[in-house]
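FYI, side chains are in, hydrogens and waters are out, and symmetry mates aren't considered; it's all heavy atoms of this structure.
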Amino acid sequence: MYTIEEMTAIRRHLHQQPELGFEEYKTQRFLLDKIGEMPGDHLKVEKWRTGILVFVEGYAATQTIGYRTDMDGLPIQEETGLPFSSHHEGKMHACGHDVHMTIALGLLNYYAKNQPKDHLLFVFQPAEEGPGGAEPMLESDSFKTYQPDWMFALHIAPNEPVGTVTTRKGLLFANTSEFMVHLRGHGGHAAYPHLANDMVVAASHLVTQIQSVVARRIDPLDSAVITIGKITSGTKENIIAEKADTEGTIRTLSQEAMDLVQKHVRKICAGIAASFDCDVDVEWGAQYKQVWNSEKVTSFMSFSEKSKDVHFREAAMAMTGEDFGFFIEKIPGFMFWLGVDSEKGLHDPKLTPDEGAIPIAVNHIIQYLDEEMK
Ligand SMILES: CC(=O)N[C@@H](CCC[C@H](N)C(=O)O)C(=O)O
C-alpha cells in the first residue's frame with residue numbers, strides 16, 4: 001500500500017501537469033512509470049491512445065471487476081495559489097481527475113502487491129471533459145479483450161465533507177449535449193450599422209432566447225439546463241462584428257427531454273437567422289449518456305452504510321455529465337461521489353480538494369472489493 005506521503009506526492013505531481021482530452025501524454029508516461037515500479041507478475045498493461053488498461057489477474061477468479069478513472073484536465077487558469085499549482089499555462093485539474101487517478105494508482109499498487117481473488121481491470125480513460133474517451137475505449141479491441149462483468153468509478157464532491165460517500169440507485173448524472181452555433185453576417189464601421197449586419201447583437205438575442213427553452217418548453221416538474229460557456233466575436237470597439245461563435249452544453253434528465261431541447265434550440269437558431277438575415281449553423285458536439293446506476297450499486301450502498309470509516313448519505317441527482325455513462329449503459333455498474341470539502345466547486349479556478357480524502361477512498365474501496373470477492 002502507498003503511504004499517505006506517497007499518494008500526496010503522486011497527486012501533486014499529476015496536479016502540476018494537467019493535459020486536455022487525448023493530449024494526456026505526460027500523464028500517461030507518469031502513470032506507466034508508476035505502474036512499472038509495481039510487482040508485475042499478475043499485471044497486463046496496455047496503452048490505448050493516451051489511456052491505459054491494466055488487467056490484474058485473480059488467483060481464483062469467477063468474475064472481472066472494472067474500476068475506471070478519468071485523466072484529463074480543463075482549459076482553466078489555476079488561481080489556487082498553491083505551491084504545487086499547475087505548470088501548464090491555462091490548464092488545470094479543476095475537476096479532480098488528479099485525485100481520481102491517484103486513488104486508482106493507490107488501488108492498483110495494493111492489488112499488484114496483494115493478488116486479488118477475482119480479475120480486476122483498471123481503466124485509465126482519457127478525454128472525459130471532451131471530446132469523450134469512454135465511448136471509443138469501450139468499443140476498442142483492447143477493452144473487449146478484458147471486458148469486465150461490472151464496473152464502478154467515483155467523482156470528487158467538493159460540497160461534501162471528507163469521509164463522506166454518496167450515491168443513489170438509478171439516475172445519478174444527466175444526459176449532456178455540447179452544441180456550437182456559428183453566426184455569419186457582415187462587418188462594417190461602428191457609425192454605420194445600417195450598412196452592416198452585426199453578429200454581436202444577433203448572438204446576444206440567441207443567448208437570451210435560448211434561456212426561454214428551459215423556462216417555457218420543459219415541464220416544470222422535469223428539469224433541464226442550457227449553459228452557453230463561450231462566445232467569441234469581434235475585434236475592436238468601432239468595428240461591427242461580421243461573425244460570432246458560441247459554445248454551450250445542454251443537460252437533461254431523460255433522452256426525450258434532450259430531443260425536445262435540441263429541437264427548440266434548432267428552431268431558435270432558424271428564427272435568429274430569419275430575423276437578423278444572417279447564416280446560423282448549429283453543430284452538435286459530444287453527447288454523453290446519462291449515468292444510470294444499476295442494481296449493483298445497492299451492495300456498495302449497504303456496505304458504505306455499515307462502514308465505520310465513511311459516512312454514507314443518499315445522493316441527489318446532478319446535472320453534471322460523465323462519459324462513464326457509456327460504460328454502464330452496456331456493463332452493469334455505478335458511480336459514487338467522494339467528499340473532498342473544497343470551498344470552491346468543480347470547474348472553479350480555486351478548487352482545492354482535501355487530499356485527506358485519497359487514503360479514505362483507497363481503504364474504503366479495498367474493503368468493499370474484499371467483500372465483493374469473497
Ligand atoms: C463531472 C463533470 O464536470 N463532467 C463534465 C462533462 C462534460 C461533458 C461535455 N463536455 C459537455 O460539456 O457537455 C460536465 O461538464 O458535467
Run the side-chain donor-acceptor check on residues 336-343: report pairs under 3.5 Å with partners two or more places apart or on a different chain.
from	atom 1	to	atom 2	distance (Å)
Ser342	OG	Lys344	N	3.3
Ser342	OG	Lys344	O	2.6
Ser342	OG	Thr352	N	3.0

Under a 3.5 Å cutoff, is there a donor and acceptor pairing between the side chains of [X] and [Y]?
{"X": "Asp98", "Y": "His15", "result": "yes"}
{"X": "Gln125", "Y": "Asp323", "result": "yes"}
{"X": "His119", "Y": "Glu57", "result": "no"}
{"X": "Asp118", "Y": "Thr64", "result": "no"}
{"X": "Thr50", "Y": "Glu24", "result": "yes"}

For this session: Could you label the plane-to-plane angle of the Phe30 and His13 rings as parallel, tilted or perpendicular, counting under 30° as parallel and over 60° as perpendicular?
Result: parallel

For this session: Please step through side-chain contact (heavy atoms from CB on, under 4.5 Å) for the pair Ile103 and Val99, ending with a clear verdict.
Result: CA-CA 6 Å; Ile103 293 167; Val99 174; 3.9 Å; yes

Problem set entry | Contact list for residues 202-228, test side chain to side chain donor-acceptor pair (under 3.5 Å), sequence neighbours left out | none

Can you list the residues that meet the side chain to side chain donor-acceptor pair (under 3.5 Å) rule with [X], with sequence neighbours excluded?
{"X": "Thr8", "value": "none"}
{"X": "Asn197", "value": "none"}
{"X": "Ser142", "value": "Glu46"}
{"X": "Thr27", "value": "Glu19"}

Would [X] and [Y] pass as an ion pair if we require N to O under 4.0 Å?
{"X": "Lys289", "Y": "Glu135", "result": "no"}
{"X": "Glu23", "Y": "Arg49", "result": "no"}
{"X": "Asp245", "Y": "Lys243", "result": "no"}

Could you list the cluster mates of [X]? Members are the ILVMFWY residues connected by side-chain heavy atoms closer than 4.5 Å, either directly or through other members.
{"X": "Phe84", "value": "Leu82"}
{"X": "Val225", "value": "Leu171, Leu253, Trp292, Met317, Met319"}
{"X": "Ile4", "value": "none"}

Could you go through residues 298-312 and list every donor-acceptor pair under 3.5 Å that involves a side-chain atom there, pairing it with any protein atom two or more places apart or in another chain?
from	atom 1	to	atom 2	distance (Å)
Thr298	OG1	Glu295	O	2.6
Ser299	OG	Lys296	O	3.2
Ser299	OG	Tyr368	OH	3.1
Ser299	OG	Glu372	OE2	3.1
Ser302	OG	Thr298	O	3.0
Ser302	OG	Ser299	O	3.4
Ser304	OG	Phe300	O	2.8
Ser304	OG	His364	NE2	2.9
Ser307	OG	Asp309	N	3.0
Ser307	OG	Val310	N	3.3
Asp309	OD2	Gln367	NE2	3.1

Is [Y] close to [X] at the side-chain level, that is, under 4.5 Å between some pair of heavy atoms?
{"X": "Leu351", "Y": "Met92", "value": "yes"}
{"X": "Leu121", "Y": "Phe143", "value": "yes"}
{"X": "Asp72", "Y": "Phe22", "value": "no"}
{"X": "Ile65", "Y": "Met373", "value": "yes"}
{"X": "Tyr2", "Y": "Ile10", "value": "yes"}
{"X": "His42", "Y": "Val56", "value": "yes"}
{"X": "Leu14", "Y": "Met71", "value": "no"}
{"X": "Leu183", "Y": "Asp279", "value": "no"}

For atom [atom1] of [X], decide whether the heavy atoms of other residues, nucleotides or ligands shown that lie under 6.0 angstrom number more than 12.
{"X": "Lys47", "atom1": "NZ", "result": "no"}
{"X": "Asp277", "atom1": "CG", "result": "no"}
{"X": "Asp33", "atom1": "CG", "result": "yes"}

For this session: Please name all residues satisfying side chain to side chain contact (heavy atoms under 4.5 Å, CB included) with Ser177, sequence neighbours left out, ordered by chain then number.
Result: Ile250, Met258, Gln262, Trp284, Gln287

Seminar exercise, completed: By side chain to side chain contact (heavy atoms under 4.5 Å, CB included), Asp281 pairs with (sequence neighbours left out) His182

Problem set entry | Trace of the side-chain contact (heavy atoms from CB on, under 4.5 Å) decision for Phe122 with Ile35 | CA-CA 11 Å; Phe122 283 87; Ile35 296 165; over 6 Å; no

For this session: Walk me through it: do Glu355 and Arg12 pass the test salt bridge (Lys or Arg N to Asp or Glu O under 4.0 Å)?
Result: CA-CA 9 Å; Glu355 291 161 337; Arg12 292 183 181 190; 2.8 Å; yes

Exercise. Where do Leu53 and Lys44 land on the side-chain contact (heavy atoms from CB on, under 4.5 Å) test, with the steps shown first?
Worked result: CA-CA 8 Å; Leu53 292 168; Lys44 283 183 199 147; over 6 Å; no

Seminar exercise, completed: Correct closest heavy-atom pair for Tyr288 and Ala127 would be OH-O, 3.7 Å

Exercise. Looking only at heavy atoms, what is the nearest atom pair of Ser254 and Ala257, with distance?
Worked result: OG-N, 3.0 Å

For this session: Could you give me the CA-CA distance, side-chain angles and deciding distance for Gln63 and Lys117, then say whether side-chain contact (heavy atoms from CB on, under 4.5 Å) is met?
Result: CA-CA 9 Å; Gln63 59 177 338; Lys117 179 185 150 291; 5.8 Å; no

For this session: State which residue, out of His88, Lys26, Arg11, His87, fulfils the side chain to side chain donor-acceptor pair (under 3.5 Å) condition with Gln16.
Result: His87

For this session: Decide salt bridge (Lys or Arg N to Asp or Glu O under 4.0 Å) for Lys144 and Glu139; before the verdict, give the C-alpha distance in whole Å, the side-chain angles of both, and the deciding distance to 0.1 Å.
Result: CA-CA 7 Å; Lys144 284 180 183 159; Glu139 295 305 326; 3.7 Å; yes

